Amino acid sequence: MEDYPEELRTPPVALVCLAGCPELHHPISAFLHSEQPPINTLALPDFSKASVLARKKNRDPLSQPTPAPPSGILKRDWLLKHRTRVPAVVAALFRADQISGDPAQWLQACTDLENLKSLIHGRSTRLVVVLVQTQAAEELSEDVMTALRKRAEIDPKHLVEFVQNDATDLRQSLNKLASLFAELCLTYYKEEGRRIRSIIEKKSSPFPELNIRYCFKIAIYAEFRRDWSEALKFYEEAYRVLREMTNTSTRLPPIQRLVEIKTIAEQLHFKISTLLLHGGKIMEAVARFLKHIKTYKRLVGPPEVDFLHWEWYSRQFLVFAELLETTAAGAPSSQSPRFGTAESPFSEWEFQPAYYYQLAANYLREKRCCLEQSSLSKTDLPTKITEAPDSVMPSIHIGQSARLVEEGDIVTVLPLSDAEYVAYALAEAERFQDCYEIIALYKRAQESFSSHGSQRMACLCTLGMAREYYASDDFTNSKQLFDTVAALYRREGWAPLLWEVLGYLRDCAKRLGLTKEYTAYSLEMAALPVFSTGFEKTIDFGPAGPATLSRREEIQREALNFAVETDGDTEPVGLDIDPVSPLRSVLLVAVAFHEQSVKPDSAALLTVSLLSQLPLLFKVGSLEVEFNQPACNFSMPVPLEVSPNKWLRLTHEVKSGQSGKLECLSVKAKINNNLIICCRAESPALMEDLTMWKYENQRETYPTLDPALSLSGQKSIQVDEPNPLVDLTLNSTGPALVGEVFQIPVLVVSTGHVIRGGELKINLVDARGGGMLMSPRETDESDAHHVELLSISGLPEEKEDDQNTDLSEETKSDNIRKIQYSFGVVSVPVLKEGESWCCNLEIRWHRPKSVMVYVSLGYNPGDVDQRVNVHRSLQIEGKVPFFVNHRFMMSFRREPLLISNIRSLISPLEEKKVSLAFKENNIVVVSAKNCTDVPLNLVSMKIVPEGGTDSSQKLFVVQEISGISNNCTRFVPGEEFRGVFSIIPQVSKPSLSLGVVCVEWMRENQKQDQPEIVTTKHSLPQVCVEDPPLVAAIECPPFAIVGDPFSVYIKVKNNTNLLQEIKYSLGDSQNFVFCGAHVHSASVFPGKEHVLSYKFVPFSAGVQQLPRITITSVRYSAQLTPSIAAGTIFVYPTEPKFTLEKNGSELVV
Amino acid sequence: MIVCVAVVGHQNNPLYLQSFTGSDDALKLHHIVHCSLDVIDERVNNPKRSASTLNETFLGLLYPTENYKVYGYLTNTKVKLIMVTTDLDVKDADVRSFFRKFHAAYVDAVSNPFHVPGKKITSNSFSDRVGAIVKSFGPSMTL
């Protein structure tokens, strides 16, 4: 498309000529150019330059009554002339002062006008006079205007005033001028078109050339005024007439005539396509194009110039592809969703430039083919015209050539004969190298197809490129491209296509001297599933040769012999075949162990199977099988014969002394001195089918004799560890108790192996899973570990430090001992057969938890560097020994008024803290219950202040009221012990820490020499100590006797500095009579004690409830009702007699 | 005239390819059939397909060249049947009927208990039957 002249490629733009006032040309031109539609300007700085508008010859060939036959269809410069030199409007610009002032100037203006008029005489070009006024005030008189108009012979409206004194006026004047020009241009081009149309309609010309020319002109004029539909109509008409002309015209020698017709057809078709595509009619454009190429395909012309035809034909595709690409109209996918059916006869690709690029490349190849033939046959032509004539140039008509002959100063243009033209065209064509252009076209097509996801089509284009490179002896590029093509054909199993590509690749490798690649491609070709079938023998597969069995055999022989022929000194060619290599069909190695695991040092059976799809039997000189344990490698020096498509199975025994995985890595087959094939071993179970052969109908065979092994066989085997000859025992004596150091004895006894480098690993794991032996929140703190491995005690070397035997000497050097919270490692000394070694694991539980103890012993049984491991595990429950609880109480029948207790009654939502009365006797009862399954000895129970500092001792006084009588008391499971403590706070503060209860205990049946006393702690809560304002105490005798009066005193002490009013009441009881007020009130003075005294006489015996006493403090709205226990008294019927026995302090009634 | 028929498997691998033309074009026909798989891929995976065409087995004209027209057909087992003809104006109905017969022949061939699914079709009777169908395609056009 770039080869076309500019005027053809772009739509024509109307032309206006400006003469005079050169300073205004630029603003006017710029303004007109930016108008929609734009107008080009031909600016003449002064009137003397107006001669460019002059016609070259006055004779109009169209007006001739009997015109001579035209010598061409279209003139080369006609379009350019109308776009650049023939204006539709000529505007003469005069300054107002030029007109109105000096008569000499007026005369000059008149002369200029006359000149212009004479120049455009005979044309329908319009004349416009523009009067330029610099100031609006510079009004010209009506007379002058009329005189000027008459002089110029123009309509009044064609005389325009151009005011430029300010921006708005300038803009207005420009707008006025532009609209006038646009109108006049439209009229001009319409008239020109109509004029030529009338010629066609008046008389049909005997010469179709003229008809074509007229149609073309009408179309161009229509384009000038943007009447696209008329333009299209006349281009199509011209195209039609041209098509009819191909067989009738005899004006030129046949070859040149055809060239001219095709050139014109190309131009017309280009115009039609452009108009259609820009009009969005892509379907029509495609249909039009298909028709165009179909029509002209057969117009090849004489065989000696057929290359010209194919070049032209290729160009049609290229130009259309470029047009499609640049207009970017895109396929009408949204309108017609289904291509290729009756609804839409086109297919997707016909809307893609790539498709046309690819075809352009194909036809350019065709052209090159023809050109080569023509060049070859050139020698057969008569000698006189084999020489191309000099100085051939394009003639004045499009598509024609002429010879330029210089004789002195006279230059004459002579027509060419066909023979001369052919020679000239041939010489011209030979100057160009088409292959780069072909590659570029294929490249564009390939990129475009790839971007549309059409990988196979892109691949075909790549193949085209590769062939071109190959043809131009660029084997490096060619090989690279062929390789990418081959990859797709391999993947999709298109054997014949791959055969062709491999043939090229093989040849490229050969020419580049790549022995390894050459061998690889050859062997791959030989192992391709292509068989001779009737016609395929005659297909041209390029350098690959026919795709037949015999050719495969030949290639195999060539490849193997090629290797043999090379010098013995050179390195042998090594081919690596991995599971994704295309060479797997050349040699496939499956390795299967017969068992899944094997004992060390015992033989494992292994089958190595070889399969080849090469057409001929070939010999393998030696076979080396390599393992990951190099000690197991073996080789088979016996020559082996591999037959086509038949598994060669070899069974061998392998012994491995090393435990772990034994895997076959590769098998090296030495074919001859120069070729070694190294195949990665594959497991039959995981083996993939051969990509090219899996679709072939051939007998399915198994790599091993046992078909089951073919499905499950693996190339690796697990070599077990030797059986341990060691006893490892873990003992435990029931559940562990929280707090104590629990010991687990571990015993290692060698029962056959000598233990060297032994290592005992201990691991504690939460039995319930999770593996965490610490709470996740407290991971930082050291005591956050719920269960902790403290140490490993009872190690022999500690005990036997004195008797350092040579064995312990040996172990000391590499003694490892590493203990962490849940993990420990300790080394075990060398143990001979029968010897034993023991240690104790010391573990402490901080929380009750069930723990798995894993112990594993790893050692070297002999001299071999091989570890044997023994594992044992034991689950141990951790339990709480004592369940400790506490309870706060007040002294019997003594009730201090604690304000915080009242507050908590009012607002119960507040956090309840136990309140103790300041300087009163507060009682704490601590109970400890043995919740284990074993009896435990309780040693002591104490309340220890937190931190144990002296200062805290002043805060309160603890007194043990009742405790453990002797040092050690036995508690059976479930038995409970209660200790009673009295606490007298010495300070009054809202938060007081009472410390912890320490329960010391030990297990029964412990060794007496070092009894382990364990302390279980129970912390007492924070209490609130407050000074009670009132303390009420009831004094009552321990018992009463029926009928015997006794006194009960209720003492209310006022600890405050205020006068306290109390109310009290006493209920009735049928068992007692009493004296005193039922309901009364009293005032207690600050710091004093008020005593209420009642005298009771009991009526009946037994446990009796005193009448209900209620005391109310008015100030604190607090009411005290003594508890039932406090109001209970035992009444004897008669006075009891007490006898004290000697042996105890028991009281016997 | 039909110049080539092909059966293409799931991995876009040829299962059967038979040309009925002179030797010159045979390899080109392989290329044409192979490239037409691009169009089949595009048509089958095109999400714009309307409901009415979803179950359509006939894929229509795939691949235009000046000399050939390539038509495609997709069986319900996603095996592709491809036909290349030199007739430049073929009736849709004729092509459809050809593919129906071709499909029936294919189904019969793979129903053979000795045929391994996914392998190339080497049955001679299938070849003969396809040859007969291809031959019968030409005259029906002239009617």
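As the structure is a computational prediction, the values presented were derived from the model and not from experiment. Note on naming: letters A, B, ... go to the chains in the order of the sequence lines (proteins, then strands), and numbering restarts at 1 for each one. Values below: every heavy atom of this structure, side chains too, minus hydrogens, waters and symmetry copies.
- A donor-acceptor contact shorter than 3.5 Å is absent between the side chain of B:Asn12 and the backbone of A:Glu492.
- We find the SG-CD distance between B:Cys35 and A:Gln455 to be 10.5 Å, quoted to the nearest 0.5 Å.
- Taking OG of A:Ser454 as the reference point, atom CG of B:Leu37 lies at 11.5 Å (rounded to 0.5 Å).
- Of the atoms belonging to A:Leu488, it is side-chain heavy atoms, and not backbone ones, that fall under 4.5 Å from chain B.
- B:Asn13 contributes no side-chain N or O that, together with a main-chain N or O of A:Gly493, makes up a donor-acceptor pair within less than 3.5 Å.
- Of the atoms belonging to A:Lys694, it is backbone heavy atoms, and not side-chain ones, that fall under 4.5 Å from chain B.
- Rounded to the nearest 0.5 Å, atoms CD (B:Glu42) and CE (A:Met457) are 12.5 Å apart.
- Salt bridge absent: A:Glu696 and B:Lys119 never bring a charged side-chain N and a carboxylate O closer than 4.0 Å.
- Counting all heavy atoms, side chain and backbone alike, A:Trp494 lies closest to B:His30 at CZ3-O, 3.9 Å.
- No part of A:Phe449 comes within reach of chain B, as not one of its non-hydrogen atoms sits under 4.5 angstrom from that chain.
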Exercise for review: Determine, step by step, whether B:Asp38 and A:His452 satisfy the side-chain contact (heavy atoms from CB on, under 4.5 Å) criterion, reporting the C-alpha distance in whole Å, the side-chain angles of both residues, the deciding distance to 0.1 Å, and the verdict.
Suggested key: CA-CA 10 Å; B:Asp38 272 341; A:His452 281 86; over 6 Å; no

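- Taken to the nearest 0.5 Å, the NE2 atom of B:His34 stands 9.5 Å off from the CG atom of A:Leu460.
- A:Trp693 contributes atom CH2, which lies 9.0 Å from atom NZ of B:Lys120 (distance to the nearest 0.5 angstrom).
- Contact annotation: the side chain of B:Val116 never approaches that of A:Tyr695 to less than 4.5 Å [non-hydrogen atoms, C-beta and beyond].
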